[in-house]
Amino acid sequence: MIGDTNGQVVAGGNGQGNRLDQLNGPTDVLIDKETDSLIICDRWNRRVVRWSRRSGTTEGEILIDNIVCYGLAMDDQRYLYISHTDKHELRRYQIGDKNGTLVAGDNGKGDRLNQLNWPNYIFVDQQQTVYVSDHNNYRVMKWNKGAKEGIVVAGGQGQGNALTQLSDPEGLFVDTLGTIYVADRINNRVMRWPKGAKQGTVIVGGNGQGAGANQFKEPVGLSFDRHGNLYVVDHYNHRVQRFSIE
């Protein structure tokens, strides 16, 4: 409920562990409307789990195990996309499929256009185009469906704080015009990169690290609501901030 300042536990909450009623270092979650459930990257348990949103649910079920996941996304056909940080690749899964299909990476760790280096958060559009924050390459990559290599769409100019650069990019959103919004973690800012642009603009943050209303301490996640408000997970300030974006 809006105005309710207390959260409600809907998955886990039974301490750190690997029982079906526990989570261990979850990094991402999405809502599967079809089954009214949450799909969670339960990172340190090396698994992806599903928890029903129906009241009375006390444990999850394992969808995929033995996987060092980080980011999750789901397309309109209910395919699940998962970033593998240990294998430096992205795979697409049908629900119930354990192996998945490679959609980006799989050429070892590196900075060539057919490689990734610690991919984390991902976004998939209606054409099944995959966008990924390529964390240790300081860039955002776009992989068209079926492509053998990706396209650099933000950063890729080394680590730094210039408008052409990123430093440990994480949370990611792409609008219908192809505009990229990315949490530029170490630069403590959120950037917007229009489609085809060689540099981005800072839309929030970029005022040094701090706890002010216009500052962050390592922003890691972001999302938009249907009114265009931006929500940013402000990691080391232990808060989520909302911004009204023009």
Side-chain angles (χ1 to χ4, degrees), residues 1-16 22-31 38-45 69-73 83 85 117-123 131-140 154-155 159-175 179-193 199-246:
M1 295 285 289
I2 297 297
D4 185 357
T5 56
N6 295 317
Q8 176 188 359
V9 177
V10 290
N14 295 297
Q16 179 184 21
Q22 294 178 307
L23 297 170
N24 187 353
T27 52
D28 207 359
V29 61
L30 56 82
I31 296 173
L38 302 171
I39 297 177
I40 302 163
C41 169
D42 189 10
R43 180 170 171 80
W44 296 120
N45 279 328
C69 59
Y70 199 99
L72 303 171
S83 60
T85 54
N117 187 348
W118 217 81
N120 54 44
Y121 290 108
I122 50 185
F123 185 91
Y131 297 81
V132 55
S133 284
D134 191 9
H135 188 273
N136 292 352
N137 283 326
Y138 316 115
R139 65 190 186 185
V140 176
Q159 184 179 22
N161 61 6
L163 293 178
T164 55
Q165 294 176 305
L166 297 168
S167 186
D168 294 5
E170 298 213 6
L172 193 57
F173 181 85
V174 184
D175 70 16
T179 306
I180 294 156
Y181 297 81
V182 57
D184 191 10
R185 180 172 180 163
I186 301 302
N187 286 325
N188 297 295
R189 65 191 185 184
V190 175
M191 296 193 74
R192 175 167 57 202
W193 291 66
Q199 67 177 44
T201 54
V202 179
I203 55 169
V204 288
N207 298 300
Q209 188 177 91
N214 65 349
Q215 292 179 306
F216 299 113
K217 283 187 181 175
E218 301 194 19
V220 296
L222 54 82
S223 64
F224 283 88
D225 66 17
R226 58 194 174 89
H227 304 294
N229 294 306
L230 170 67
Y231 296 79
V232 181
V233 179
D234 191 6
H235 190 64
Y236 285 115
N237 276 324
H238 313 292
R239 65 188 183 184
V240 176
Q241 292 207 78
R242 182 179 67 197
F243 300 89
S244 175
I245 302 297
E246 294 301 319

**Prompt:** Under 3.5 Å, is there a donor-acceptor pair between the Gln22 and Asn14 side chains?
**Reply:** no

**Request:** Could you tell me the separation between the SG atom of Cys69 and the CD1 atom of Ile39, rounded to the nearest 0.5 Å?
**Result:** 11.5 Å

**Request:** Measure centre to centre between the rings of Tyr181 and Tyr231, then say whether the value is under 6.0 Å.
**Result:** no

**Asked** Got a donor-acceptor contact below 3.5 angstrom from the Asn188 side chain to the Glu218 backbone?
**Response** yes

**Asked** To the nearest 0.5 Å, how far apart are CD in Gln209 and CD1 in Ile186?
**Response** 8.0 Å

**Request:** Could you tell me whether the side chains of Thr85 and Arg43 share a donor-acceptor contact shorter than 3.5 Å?
**Result:** yes

**Prompt:** Tell me, do Leu38 and Leu30 make a side-chain contact under 4.5 Å, heavy atoms counted?
**Reply:** no

**Prompt:** Do Leu172 and Ile122 have side chains that get closer than 4.5 Å, going by heavy atoms?
**Reply:** no

**Closest contact, heavy atoms only, Ile40 versus Ala11** = CD1-CB, 3.6 Å

**Request:** State, to 0.1 Å, how close Ile180 and Val174 come at their nearest heavy-atom pair, and which atoms those are.
**Result:** CG1-CG2, 4.1 Å

**Asked** Hey, are the side chains of Val240 and Val232 touching, using non-hydrogen atoms and a 4.5 Å cut-off?
**Response** no

**Message:** Can you confirm whether Gln16 sits close enough to Trp44 that some side-chain heavy atom of one is under 4.5 Å from a side-chain heavy atom of the other?
**Reply:** no

**Prompt:** Does Phe173 have its ring centroid less than 6.0 Å away from the ring centroid of Phe123?
**Reply:** yes

**Asked** Val202 versus Leu163: any side-chain heavy-atom pair under 4.5 Å?
**Response** yes

**Prompt:** If only atom types and distance count, is the side chain of Asn136 paired as donor or acceptor with the main-chain N or O of Trp118 below 3.5 Å?
**Reply:** no

**Asked** Which heavy atom of Asp234 sits nearest a heavy atom of Lys217, and at what distance?
**Response** OD1-N, 2.8 Å

**Asked** Any donor-acceptor pair under 3.5 Å linking the side chain of Asp28 with the backbone of Leu72?
**Response** yes

**Asked** Taking the side chain as C-beta and beyond, is there a heavy-atom pair between Tyr138 and Asn117 under 4.5 Å?
**Response** no

**Fill in**
Given the options Ile245, Val182, Val204, Asp184, Val190 meets side chain to side chain contact (heavy atoms under 4.5 Å, CB included) only with Val204

**Request:** Measure from the side-chain N and O atoms of Asn207 to the backbone N and O of Asn214, and report whether any donor-acceptor pair falls under 3.5 Å.
**Result:** yes

**Message:** Minimum heavy-atom separation for Ala213 and Phe243, please, with both atom names.
**Reply:** O-CE2, 3.8 Å

**Asked** Do the side chain of Ser83 and the main chain of Gly71 share a donor and acceptor less than 3.5 angstrom apart?
**Response** yes

**Item:** Test applied, side chain to side chain donor-acceptor pair (under 3.5 Å); reference residue, Ser167; option that passes from His135, Arg189, Gln159
**Value:** Gln159

**Fill in**
Arg139 and Leu166 have their tightest heavy-atom pair at CA-CD1, 4.0 Å

**Complete:** The reported gap from CG in Asn187 to CG in Asp168 (rounded to nearest 0.5 angstrom) is 8.5 Å

**Item:** Trace of the side chain to side chain contact (heavy atoms under 4.5 Å, CB included) decision for Leu230 with Leu222
**Value:** CA-CA 7 Å; Leu230 170 67; Leu222 54 82; 4.0 Å; yes

**Request:** Tell me yes or no: between the side chains of Glu170 and Ser133, is some donor less than 3.5 Å from an acceptor?
**Result:** no

**Request:** Tell me, with the steps shown, if Thr179 and Arg192 meet side chain to side chain contact (heavy atoms under 4.5 Å, CB included).
**Result:** CA-CA 7 Å; Thr179 306; Arg192 175 167 57 202; 3.4 Å; yes

**Message:** Minimum heavy-atom separation for Asn237 and Gln215, please, with both atom names.
**Reply:** ND2-O, 4.4 Å

